[in-house]
*Asks:* 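Starting off with a structure, shown below.
Just so you know, these numbers come straight off a predicted model, no measurement behind them.
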Amino acid sequence: MKLICLLLCLTTSFAFADQTHAQSVKLSLNLSDVSVSQALEAIEKEASFHFFYNNTLIDMNRKVSV
């Protein structure tokens, strides 16, 4: 009985799910040949996002175009 109540609560919460802030923000960036860290900083300035990452796992000096 407890399991049925738990599953019922979980499934009804999914039915009322709504978009979050991250899903509704629209960005327009034109970056060419910049490092990954510069691209992330530009996104942070344009929107209210903050990125957390491990520098040993990501090459932050790699050049990208967005």
Side-chain angles (χ1 to χ4, degrees):
M1 185 68 180
K2 290 180 184 179
L3 181 62
I4 292 172
C5 289
L6 176 67
L7 292 175
L8 182 62
C9 290
L10 288 175
T11 55
T12 55
S13 67
F14 291 132
F16 296 107
D18 196 14
Q19 283 189 339
T20 63
H21 174 68
Q23 294 173 333
S24 62
V25 171
K26 304 245 187 271
L27 292 176
S28 179
L29 294 175
N30 188 8
L31 303 173
S32 179
D33 200 32
V34 296
S35 67
V36 172
S37 62
Q38 290 172 326
L40 292 178
E41 286 175 13
I43 294 170
E44 286 179 345
K45 287 179 186 176
E46 186 76 21
S48 58
F49 298 132
H50 299 285
F51 296 97
F52 298 96
Y53 47 85
N54 187 341
N55 288 338
T56 60
L57 299 175
I58 300 172
D59 181 13
M60 298 304 288
N61 294 319
R62 182 175 55 117
K63 299 295 182 183
V64 295
S65 296
V66 179

*Asks:* Val64 and Val36: which non-hydrogen atoms are nearest, and at how many Å?
*Replies:* CG1-CG2, 3.9 Å
*Asks:* Restricting to non-hydrogen atoms, name the atom on Ser32 and the atom on Ser65 that form the minimum distance, rounded to 0.1 Å.
*Replies:* CA-OG, 3.7 Å
*Asks:* Could you state the interatomic distance from OG (Ser35) to CZ (Arg62), rounded to the nearest 0.5 Å?
*Replies:* 10.5 Å
*Asks:* Asn54: which residues meet the side chain to side chain contact (heavy atoms under 4.5 Å, CB included) condition with it, sequence neighbours left out?
*Replies:* Thr56, Leu57
*Asks:* Just wondering, are more than 12 heavy atoms of other shown residues or ligands nearer than 6.0 Å to CD1 in Ile4?
*Replies:* no
*Asks:* Of all heavy-atom pairs between Ala39 and Leu31, which one has the smallest distance, and what is that distance?
*Replies:* CA-CD1, 3.9 Å
*Asks:* Looking at every heavy atom in both Glu44 and His50, which two are closest together, and how far apart are they?
*Replies:* OE2-CA, 3.6 Å
*Asks:* Look up atom CG in Asn61 and atom CD in Gln38, then write down how far apart they are to the nearest 0.5 Å.
*Replies:* 9.0 Å
*Asks:* Side chain to side chain contact (heavy atoms under 4.5 Å, CB included) with Glu41: which residues, sequence neighbours excluded?
*Replies:* none
*Asks:* Once side chain to side chain contact (heavy atoms under 4.5 Å, CB included) is applied, do any residues pair with Asn55, and if so which ones, sequence neighbours excluded?
*Replies:* Tyr53, Met60
